[in-house]
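What follows is one structure encoded as structure tokens, with my remarks underneath.
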Number of protein chains: 2
Amino acid sequence: MNEIAIPPESITEDEQPKTLAEAAYRQLRRDIIEGVHRPGDKLRVEHLKDQYEVGAGTLREALQLLATDALVVAQGQRGFRVAPISLDDFEDITRTRVLLETSALQQSIELGDDAWEASVVASFHLLSRAEDKLGDGGKCSREEWEQRNRAFHEVLIAACPSRWIRHFQNILYHQSERYRRLSLFRQPIPRDVHAEHQAIVDAALARNTAEATRILTEHIMRTLEAVRRLPEDLISR
Amino acid sequence: MNEIAIPPESITEDEQPKTLAEAAYRQLRRDIIEGVHRPGDKLRVEHLKDQYEVGAGTLREALQLLATDALVVAQGQRGFRVAPISLDDFEDITRTRVLLETSALQQSIELGDDAWEASVVASFHLLSRAEDKLGDGGKCSREEWEQRNRAFHEVLIAACPSRWIRHFQNILYHQSERYRRLSLFRQPIPRDVHAEHQAIVDAALARNTAEATRILTEHIMRTLEAVRRLPEDLISR
DNA sequence: TCAATACCTTTTCTCGAGATTTTTGTCTAT
DNA sequence: ATAGACAAAAATCTCGAGAAAAGGTATTGA
């Protein structure tokens, strides 16, 4: 009677926005992650609706969507705020990400087929190219590097069959992106990220699960260390 | 300048709704979990706004909030639907829940103090009482048992310091509740849940992490088996 | 000087109507 | 009989204005 079941997939970013509310959601999310709206800031609908050129109700929907990703918090009858950040929160995010992402990688290595291997190699190549151009002097934007870094990590666990793990991992990645921006602004390419990525790819293709998850864990945890070394006034509040 | 940081906590249920949209959200969530709105059903705003006695825009917000919990899916410009269910999905939910909940329990056992032990014993007692009254013949509603079962599992991992794990676990619990209703309708108390809970409490208080997580895993996985044995027409579509 | 109350401004929340898009039903042509 | 297209109908999405609540300020009394 009814048509085909809808994939229980959440909002993904590869598709283009189909509604004004979702377009505003994208822009707002980008602005929050990039720090245009700072953590703890109040998000007044009356001001923002002009800035993003949508109605009040529409902007409100966008804010609700952002609450899904825990990038903004809704407070009863007192409006919306950009979610605050703290070292404790980032440590929590990182550890939870390790838990989920290693589990996902483990399954991905176990189940991934030739096509998966190919996409891993391909996305790693794209990321490497972006790093070359980035060091080469502004031939590639940091935006693009972020995009490809994200794609690489996504492809790594793409063969994991668990939609839920991938969904949660996605949320956490967005969260950690906010913190990573803080550290990357200071140290252009702080550590040898490239070598770490390379090692993960090698271990993954060799189906060496233990080695791959070990390196991935260190890789993620190193970002935590980098943020820990930041001046306190950047992440306080 | 600005006041105290807001706890980055999501919507919890212990507080009472402060807005019409949230009230509608609660009612809708309850109705979806209880099966009033069946999986895959279309949720037409025009019909539901009368039923829940709110405006169209307000009900829309409630639906957005439900999309957060993945209980409804929003489809571009084609409205909202109750999230479909499937065996594969439930298997995914269950395995992910095991991953998160065992990790949380492990930390909880490691870090929990006397007050935590006390709350574990207390919530287990409340749950046991509910089971007595339930078997005694309708002196306690299944609603109440569900409530206390939920509280018990929540308290078990309450000493885990990771807000994110608890947050995700919360979402997954809601999801699995939908499936569990299906199986509990048939077999009133299908297996010896009480003994399993007892064993978890014993192991937790003895700080026997390995044993506690092992039993918890079996406990959660058994629900998957119960749903697997259901007639297919209940969970198909 | 300090505290408490009342008032006023600002912001949020809610509602109903109009514009767009999707869906359904029918008709025609191959 | 099937496929395609056009038109009518339904539903969704969007917007602006009004009601309710929160926050800030000034006034009053001790």
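- Taking CZ of Phe80(B) as the start and CG of Leu28(B) as the end, the distance is 11.0 Å to the nearest 0.5 Å.
- Remark: of the listed residues Thr94(A), Thr223(A), Asp89(A), Asp89(A) is the sole one forming a side-chain hydrogen bond (donor to acceptor under 3.5 Å, both in side chains) with Tyr179(A).
- Closest non-hydrogen pair, Asp69(A) versus Gln175(A), comes out as O-NE2, 2.8 Å.
- Distance from the side chain of Arg60(A) is smallest for dT14(C) among the nucleotides dT14(D), dC13(D), dT14(C).
- When each of dT14(C), dC15(D), dT12(D) is scored by its nearest atom to the side-chain atoms of Leu20(A), the top-ranked nucleotide is dC15(D).
- Residues Gln77(A) and Glu61(A) both approach DNA chain D. Their nearest nucleotides, taken by heavy-atom distance, put Glu61(A) toward the 5′ side.
- As judged by a 4.0 angstrom heavy-atom cut-off over every strand, Leu48(A) is placed among residues making no nucleic acid contact.
- A sub-4.0 Å separation between OP1 or OP2 of dA11(D) and a side-chain N or O of His47(B) is present.
- Rounded to a whole Å, the CG atom of Leu63(B) is 16 Å from the C1' atom of dT14(C).
- Aromatic ring pairs are classed by plane angle as parallel below 30°, tilted from 30° to 60° and perpendicular above 60°; the pair His197(A) and His153(A) is perpendicular.
- The side chain of Arg78(A) sits closest to dG23(D) out of dC15(C), dC13(D), dG23(D).
- In this pair, His167(B) and Trp164(B) present their aromatic rings perpendicular. The plane angle is above 60°, beyond the 30 to 60° band.
- As rounded to whole Å, 8 Å separates atom C1' of dG16(D) from atom NZ of Lys49(A).
- Recorded end-axis angle for the helix from dT1(C)-dA30(D) to dT30(C)-dA1(D) stands at 10°, based on five pairs per end and rounded to 10 degrees.
- Residue contacts shown for Gly79(A) are limited to sugar-phosphate atoms, with no base heavy atom under 4.0 Å away.
- Note on Ala21(B): only backbone sugar-phosphate atoms sit closer than 4.0 angstrom, heavy atoms only; bases stay farther off.
- Counting to the nearest Å, the C1' atom of dT12(C) and the NZ atom of Lys18(B) are 16 Å from each other.
- Nucleic acid contact for Leu59(A): none, since no nucleic acid atom lies under 4.0 Å from a heavy atom of the residue.
- Side-chain proximity of Arg44(A) to dT14(C), dT11(C), dT14(D): nearest is dT11(C).
- The side chain of Thr58(A) sits closest to dC15(D) out of dT11(C), dC15(D), dC13(D).
- Within the 4.0 angstrom heavy-atom criterion, base atoms lie near Glu46(A).
- A cation-pi arrangement is absent between Arg178(A) and Phe90(A) under the rule of less than 6.0 angstrom and at most 45 degrees off the ring axis.
- Regarding Glu22(A), its CD atom lies at a distance of 17 Å from the P atom of dT12(D), rounded to whole Å.
- Between Glu53(A) atom CD and dT14(D) atom C1' the separation is 15 Å, expressed in whole Å.
- We find that OH of Tyr25(A) is positioned 16 Å from P of dC13(D), with the value rounded to whole Å.
- Atom P of nucleotide dT21(C) and atom CD of Gln75(B) are separated by 18 Å, given to the nearest angstrom.
- Per the geometry, CG belonging to Leu43(B) stands 13 Å off C1' belonging to dT12(D), to the nearest Å.
- The cationic atom of Arg180(B) (NZ for Lys, CZ for Arg) lies less than 6.0 Å from the six-membered ring centre of Tyr173(B) and within 45° of the ring axis.
- Side-chain contact between Arg95(A) and Ser162(B) is absent, with no heavy-atom pair separated by less than 4.5 Å.
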